[in-house]
Amino acid sequence: MAEFSERVLRIAKLIPKGKVTTYSEIARALGRPLACRAVGQALRRNARPVEIPCHRVVRSDGGIGGYSGSRPGKIRQKAMLLSSEGVEVRDGMVNLGRHMHKPDAGQSFL
DNA sequence: GCACTGACCGGTC
DNA sequence: AGACCGGCCAGTG
């Protein structure tokens with residue numbers, strides 16, 4: 001099936017540059033506000049850095065979260081990428097109130 | 001089909 | 001403010 005995962009990846013692709021979203025927001029867009037963990041699972045398993053900018057997906061508390069298997073080097077690069085796109089990252093913390101992007105439910109079944 | 005895992009979240013201590 | 005605990009969702013053994 002992996003239908004859920006595909007939706008997650010699709011939404012991740014639609015995240016505009018310079019904006020970030022949270023696992024919860026994606027889950028909510030999919031109609032599963034509590035599936036934040038499943039979202040992380042989908043991203044981790046699919047992890048296609050080029051086709052899917054999963055680095056724009058952060059935690060609801062502003063934390064960078066994980067990246068490509070929670071590899072420290074990758075996580076650091078994730079922060080650098082966000083910073084390069086205009087998202088201010090401070091010690092692994094993102095300004096959600098400034099760059100939080102809320103995906104539309106319509107995009108989930110695009 | 002059950003049990004464990006995982007890039008999480010929210011509340012509580 | 002930092003650490004801990006339980007819960008929820010999908011994927012995998």
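Residue numbers begin at 1 in each chain, while the letters A, B, ... track the order of the sequences.
Only A/Leu34, A/Ala35, A/Arg37, A/Ala38, listed by number, bring a heavy atom of residues 20-39 of chain A to less than 4.0 angstrom from any atom of DNA chain C.
Across the protein-nucleic acid pair, A/Arg7 atom CZ and C/dG11 atom P stand 11 Å apart, rounded to whole Å. For A/Ile11 and B/dA7, the CD1 to P distance is 21 Å, given to the nearest whole Å. The interatomic distance linking A/Leu9 (CG) with C/dG11 (P) rounds to 11 Å, in whole Å. Summarising the geometry, the separation between CG on A/Asp91 and C1' on C/dA1 is reported as 14 Å, rounded to the nearest angstrom. Protein atom CZ of A/Phe4 is 11 Å distant from nucleotide atom C1' of C/dC8, rounded to whole Å. The distance between atom CG of A/Asp61 and atom C1' of B/dT12, rounded to the nearest whole Å, is 16 Å. One can place CZ of A/Arg45 at 8 Å from P of C/dG13, the figure rounded to the nearest angstrom. Regarding A/Glu6, its CD atom lies at a distance of 14 Å from the C1' atom of C/dG11, rounded to whole Å.
Using a distance-only test at 3.5 Å, with no hydrogens or angles considered, no donor-acceptor pair links the side chain of A/His99 to the main chain of A/Val94. Panel note: side chain A/Thr21, backbone A/His101; a donor-acceptor pair is recorded below 3.5 Å. In this structure, the side chain of A/Arg56 engages the main chain of A/Ile15 through a donor-acceptor pair within 3.5 Å.
Neither OP1 nor OP2 of C/dA10 sits under 4.0 Å from any side-chain N or O of A/Ser5. The phosphate of B/dG10 has OP1 or OP2 within less than 4.0 Å of a side-chain N or O from A/Ser60. Distances shorter than 4.0 Å separate some side-chain N or O of A/Arg59 from OP1 or OP2 on B/dC8.
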Could you run down the sub-3.5 Å N/O contacts of the protein with nucleotides 3-5 of chain C?
none

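No more than 12 heavy-atom neighbours from other residues, nucleotides or ligands sit within 6.0 angstrom of CZ on A/Arg32.
Looking at A/Glu85 and A/Lys19, no side-chain N of the basic residue comes within less than 4.0 Å of a carboxylate O on the acidic one, giving no salt bridge.
Taken to the nearest 0.5 Å, the CZ atom of A/Phe4 stands 10.5 Å off from the CD atom of A/Gln41. Here the CG-SG distance, from A/Leu34 to A/Cys36, works out to 7.0 Å after rounding to the nearest 0.5 Å. The distance from the CD atom of A/Gln77 to the OH atom of A/Tyr67 is 7.0 Å, given to the nearest 0.5 Å.
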- Task: Start with the C-alpha gap between A/Val87 and A/Leu81, add the side-chain angles, then the distance that decides, and say whether side chain to side chain contact (heavy atoms under 4.5 Å, CB included) holds.
- Result: CA-CA 9 Å; A/Val87 179; A/Leu81 277 166; over 6 Å; no
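Across the strands present, C/dA10 finds its partner in B/dT5; the criterion is a Watson-Crick or G-U wobble pair with both atom distances under 3.5 angstrom.
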